[in-house]
Amino acid sequence: MRFNVTKSKRVKKPLVKISPSKKIIIKVPYYYTKENISTFIKHNEKRIKKWIKKQFSQTIFYEKIKFFEGDKIPFMGKFYELVYSYNQNKKLTLKDKFFLDIKYRKSARKIFYKWFKEKAGEILSNKLQYFAQKYKFKYTRLKISYGKSIYGTCSQNQEITLSFRILFFPEDVIDYIIIHELAHTQELNHSQKFWQIVEEIIPDFKEKRKWLKNNRNLTYIF
Ligand SMILES: [Zn+2]
């Protein structure tokens with residue numbers, strides 16, 4: 001089995017990960033020597049192999065979007081086909097498919113970024129406001145980020161950040177992420193009390209977490 005080993009200042013003990021491109025990565029603390037690394041692998045090989053096998057059977061690997069005609073682009077749980085069109089009013093519109101004016105073929109990625117960021121500004125801020133009001137949470141403001149592995153954060157002064165990429169997920173999962181961050185306005189950590197707040201609002205939140213775990217590669221498609 002081939003591993004890519006990387007050193008990290010953030011990990012305290014070795015961590016095995018599978019990248020969106022199916023590479024097996026072992027992250028080790030930055031002070032680890034070659035001997036440390038090979039000892040770790042030797043002692044844990046069986047366990048690692050078993051874990052990897054399980055990961056590959058559960059994780060969904062999505063192909064990167066190249067913005068060719070016919071590519072499927074996710075938006076709120078559905079995949080929409082990309083079609084190039086001629087002389088549209090807007091650069092990009094979504095109907096039953098994504099229609100992008102052929103003039104902008106070369107900047108497709110940039111235009112999609114912009115479209116998703118704008119949508120995130122509308123949809124996520126409406127949802128956040130709605131849920132905050134409904135469940136009596138207070139937040140100060142919303143920022144939209146580009147995060148791939150971090151879907152959302154909540155700061156100590158109740159400022160919430162959400163990645164525009166969560167718009168790739170189904171709506172119930174988006175709602176879970178928003179509730180999760182709102183719950184942090186009351187409990188900054190992931191204590192039992194925190195999960196109780198989440199569970200009261202989303203009783204099957206564990207299902208959403210499982211979906212996220214298995215579909216985490218979806219945010220890496222562009
Ligand atoms: Zn959290």
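Remember, it's 1-based here, ligands and their atoms both numbered in the order they're listed. Because only heavy atoms are used, hydrogens play no part in the values below, and waters and symmetry mates are left out as well, while side chains stay in.
- Relative to the six-membered ring of Tyr80, Lys97 misses at least one condition, a distance below 6.0 Å or an angle of at most 45° to the axis.
- Not a single N, O or S atom of Cys154, from either the backbone or the side chain, sits less than 2.8 Å from the Zn ion (ligand 1).
- Ring geometry for Phe116 versus Phe222: interplanar angle over 60°, hence perpendicular rather than tilted (30 to 60°).
- Using a 4.0 Å cut-off between charged side-chain N and carboxylate O, Asp172 and Lys208 make a salt bridge.
- With respect to the Zn ion (ligand 1), His184 has NE2 as its nearest N, O or S atom.
- For the pair Glu171 and Lys127, the salt-bridge criterion is met [side-chain N within less than 4.0 Å of a carboxylate O].
- For His190, the N/O/S atom at the shortest distance from the Zn ion (ligand 1) is named NE2.
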